[in-house]
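See below for the structure under consideration.
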Amino acid sequence: METITVLKKLKDNSAIHLGYLGGLQTIWANHVMSPFTKLETFKAGKKNIELAIKSEPENVELRFIRLSVQKNAPSFLGYRSNIESDKNFILKNFKNINSEKLKILIYNFFKNVNMLTKEEYNFIS
């Protein structure tokens with residue numbers, strides 16, 4: 001929770017900051033005891049992720065944050081509608097990612113959740 005508080009207080013209005021704040025909020029929702037607070041925390045994170053992507057829809061890193069959240073979110077939360085489009089966007093733009101760390105993170109995520117075909121794995125390997 002302390003990290004969320006620090007991120008909220010920063011005067012960084014960048015889309016990437018907002019996206020990571022939203023991702024952290026959705027993860028933090030798993031650790032909140034009150035069901036009401038849990039849902040509100042998740043919704044705040046979802047809102048921040050969506051605002052970040054609305055600001056920079058072509059940002060692969062933001063689309064990856066949303067994909068990882070949606071892939072792991074319980075279906076009853078209704079936040080799973082962009083999984084396929086984000087996956088396809090990331091695959092289409094994978095070769096253009098400059099950060100090797102981000103490429104490795106994306107590759108390992110796809111490998112761990114087993115959501116790519118063999119051809120798609122070969123494309124990003």
Side-chain angles (χ1 to χ4, degrees):
M1 184 65 168
E2 185 177 321
T3 305
I4 292 174
T5 304
V6 170
L7 286 173
K8 284 181 179 179
K9 288 181 181 179
L10 290 176
K11 299 298 181 201
D12 186 344
N13 294 325
S14 70
I16 202 75
H17 173 86
L18 196 56
Y20 275 104
L21 173 62
L24 182 57
Q25 288 169 310
T26 61
I27 292 168
W28 182 251
N30 289 328
H31 305 286
V32 175
M33 297 305 270
S34 162
F36 177 76
T37 306
K38 187 180 289 262
L39 183 59
E40 290 304 309
T41 302
F42 185 86
K43 284 182 177 179
K46 173 185 169 182
K47 179 182 176 186
N48 284 332
I49 292 168
E50 293 303 321
L51 285 172
I53 292 174
K54 185 176 181 182
S55 175
E56 292 186 24
E58 302 299 311
N59 187 313
V60 175
E61 195 167 358
L62 293 174
R63 300 284 287 267
F64 174 63
I65 292 170
R66 180 170 68 185
L67 173 64
S68 62
V69 168
Q70 287 190 357
K71 186 68 178 165
N72 291 294
S75 59
F76 71 85
L77 291 172
Y79 192 49
R80 299 176 68 87
S81 61
N82 305 100
I83 292 173
E84 196 63 28
S85 63
D86 285 344
K87 178 190 101 166
N88 292 334
F89 179 83
I90 292 166
L91 289 174
K92 178 181 172 189
N93 293 284
F94 189 81
K95 302 284 186 198
N96 299 327
I97 298 172
N98 293 325
S99 169
E100 284 302 314
K101 288 181 181 180
L102 181 58
K103 282 184 172 182
I104 291 167
L105 189 64
I106 290 170
Y107 177 83
N108 288 334
F109 171 80
F110 280 137
K111 186 175 180 183
N112 289 331
V113 297
N114 197 27
M115 67 184 294
L116 298 183
T117 65
K118 187 173 182 173
E119 294 77 26
E120 289 169 331
Y121 275 121
N122 290 338
F123 179 74
I124 65 170
S125 294

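Counting begins at 1 with the first residue of the sequence.
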Spell out, yes or no, whether Val113 and Leu102 are grouped together once hydrophobic residues are joined by side-chain heavy atoms under 4.5 Å, including indirect joins.
-> yes
Hydrophobic cluster partners of Ile27 (side-chain heavy atoms under 4.5 Å) | none
Determine whether more than 12 heavy atoms belonging to other residues, nucleotides or ligands lie under 6.0 Å from atom CG of Asn98.
-> no
Kindly check if the number of other-residue, nucleotide or ligand heavy atoms within 6.0 Å of NZ (Lys95) is above 12?
-> yes
Heavy-atom check, side chain of Leu62 versus side chain of Ile49, under 4.5 Å = no
In short, salt bridge (charged side-chain N to carboxylate O under 4.0 Å, His left out) pairs touching residues 105-125 with sequence neighbours left out are Lys87-Glu120
Pairs in or reaching into residues 52-73: which pass ring pair (Phe, Tyr, Trp, His ring centres under 6.0 Å), with residues at least two apart or in two chains?
-> Phe64-Phe109
Does anything in residues 80-99 pair up under ring pair (Phe, Tyr, Trp, His ring centres under 6.0 Å), and if so which pairs, sequence neighbours excluded?
-> none
side-chain contact (heavy atoms from CB on, under 4.5 Å) filter on Pro35, not counting sequence neighbours, yields none
Criterion side chain to side chain contact (heavy atoms under 4.5 Å, CB included) on Ile97 and Asn93, from CA distance to verdict = CA-CA 7 Å; Ile97 298 172; Asn93 293 284; 5.7 Å; no
Who pairs with Ser34 by side chain to side chain donor-acceptor pair (under 3.5 Å), at least two apart in sequence or on another chain?
-> Thr37
Same cluster (ILVMFWY, side-chain, under 4.5 Å), Ile106 and Ile53 | no
With the side chain counted from C-beta on, respond yes when Asn96 and Val60 share a heavy-atom pair under 4.5 Å apart, and no when they do not.
-> no
Mind checking what makes salt bridge (charged side-chain N to carboxylate O under 4.0 Å, His left out) contact with Arg63, not counting sequence neighbours?
-> Asp86
Rounded to the nearest 0.5 Å, how far apart are CG of Asn82 and CG of Asn88?
-> 11.5 Å
State, to 0.1 Å, how close Ala52 and Gly19 come at their nearest heavy-atom pair, and which atoms those are.
-> CB-N, 3.6 Å
Please name the residue in the list Ile83, Ile65, Leu77 that meets the side chain to side chain contact (heavy atoms under 4.5 Å, CB included) test with Gln70.
-> Ile83
Rounded to the nearest 0.5 Å, the CG atom of Leu105 sits from the OG atom of Ser68 at a distance of 8.0 Å
Which pair of non-hydrogen atoms, one from Tyr121 and one from Tyr107, has the smallest distance, and what is that distance?
-> CD2-CE1, 4.3 Å
If Ile, Leu, Val, Met, Phe, Trp and Tyr residues are connected whenever their side-chain heavy atoms lie under 4.5 Å apart, and connections chain through other members, are Phe76 and Val69 in the same group?
-> yes
Going by heavy atoms in the side chains, are Leu67 and Met115 under 4.5 Å from each other?
-> yes
In short, salt bridge (charged side-chain N to carboxylate O under 4.0 Å, His left out) pairs touching residues 32-57 with sequence neighbours left out are Glu50-Arg66
Please write out which residues are connected to Phe36 in a hydrophobic cluster, directly or through intermediates, given that two of Ile, Leu, Val, Met, Phe, Trp, Tyr count as joined at side-chain heavy-atom separations below 4.5 angstrom.
-> none
Gap separating the OH atom of Tyr79 from the OG1 atom of Thr26, nearest 0.5 angstrom = 8.0 Å
